[in-house]
Amino acid sequence: MRILLVEDDVALGEGIRVALKPEGYTVDWLQDGVSALHALTHESFDLAVLDLGLPRMEGLAVLKALRSAHNPIPVLVLTARDSTSDRIAGLDAGADDYLVKPFDVDELQARMRALLRRSFQRAQPLIVHGDISLDPASHQVCYQGQPVVLQRKEYLLLHQLLCQPGKVHTRDKLVQVLYGWNEEVESNALDVHIHHLRKKLHPDLIRTVRGVGYIVDKAA
Ligand code: CA
């Protein structure tokens, strides 16, 4: 799961980032509204945690811009404003949920899990590709009807590739999906995951496009 955290309070942002990491999320963190809108428009995230009071562009404006562009990403709003009218404004602008500061990190995690569960059940039916099936709701992957155990990053990688068969995914983009922007990544990490996927599923499933990246061909 790749999360975009948008919070200009450095201590709070760092606290959230640290708390979410062991949960297995890939967390990217931005501190202003303009960068957040740009990232959400051009990259794919599973959920955004969005503060409302942000420099350069208010969180509410970011949210409105996203929704008017029909971007369906689940958004959990963080707000220091706890008046009813502010909450309603947030929900009206397209927030899926909100938390009023100060909040407990455990509660943030629980709300995030609920939103992610809902969005996966709603938006993502079973993906079937030849002999492979991948269930985004349960993260279950089967090959010829038999469950295959994948590591988290192997699963993320497979999901990314199977969602757009016939499309070449650049190495940079795939590394971002797996690790976010700031994580130190061994240069061959991606190749190792690809190697494991080929071994666990099928050697010809993922094709290398030399100098560019990887592709899963459209199922015949
Ligand atoms: Ca703020």
Side-chain angles (χ1 to χ4, degrees), residues 1-124 152 156 160 172-173 175-185:
M1 298 287 164
R2 187 177 181 207
I3 310 293
L4 183 68
L5 169 64
V6 191
E7 171 58 67
D8 62 316
D9 179 325
V10 175
L12 180 58
E14 184 60 25
I16 294 174
R17 205 179 60 79
V18 167
L20 293 183
K21 212 162 171 201
E23 298 286 299
Y25 299 115
T26 301
V27 181
D28 286 313
W29 175 22
L30 292 174
Q31 301 182 21
D32 73 86
V34 172
S35 314
L37 184 56
H38 185 267
L40 288 164
T41 305
H42 293 97
E43 301 198 25
S44 79
F45 296 91
D46 296 297
L47 181 142
V49 177
L50 179 68
D51 183 30
L52 286 189
L54 289 171
R56 295 178 73 199
M57 186 178 189
E58 287 276 321
L60 214 52
V62 173
L63 191 53
K64 282 180 179 158
L66 274 182
R67 294 314 188 213
S68 61
H70 305 290
N71 187 325
I73 183 172
V75 175
L76 195 159
V77 156
L78 302 180
T79 173
R81 312 158 184 181
D82 60 352
S83 80
T84 309
S85 63
D86 284 330
R87 289 183 215 185
I88 292 169
L91 293 170
D92 275 351
D96 297 275
D97 200 358
Y98 64 88
L99 267 178
V100 177
K101 298 177 187 178
F103 54 83
D104 192 297
V105 173
D106 289 339
E107 183 170 7
L108 174 65
Q109 289 173 351
R111 303 260 188 129
M112 286 175 60
R113 281 195 296 271
L115 281 184
L116 287 167
R117 219 165 29 234
R118 259 198 272 156
S119 102
F120 278 101
Q121 280 160 2
R122 181 178 63 220
Q124 308 201 6
R152 188 181 78 89
L156 289 175
Q160 185 72 19
D172 282 355
K173 181 100 192 198
V175 167
Q176 266 180 28
V177 168
L178 299 187
Y179 297 97
W181 297 319
N182 297 320
E183 206 169 316
E184 284 291 317
V185 186

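Ligands are counted one by one from 1 in listed order, and the atoms in each one are counted from 1 as well.
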So, Leu78 and the Ca ion (ligand 1): N/O/S under 3.0 Å, yes or no?
no
Would you check if Asp172 and Val175 make a side-chain contact, meaning some heavy-atom pair closer than 4.5 Å?
no
For the residue pair Tyr25 and Leu116, establish whether any side-chain heavy-atom pair is separated by less than 4.5 Å.
yes
Proximal heteroatom of Asp8 relative to the Ca ion (ligand 1) (N/O/S)
OD1
Whether Trp29 side chain and Glu7 backbone form a donor-acceptor pair below 3.5 Å:
yes
Per residue Asp51, nearest N, O or S atom to the Ca ion (ligand 1) is named OD2
Is Asp97 paired with Arg111 through a side-chain N to carboxylate O contact shorter than 4.0 Å?
yes
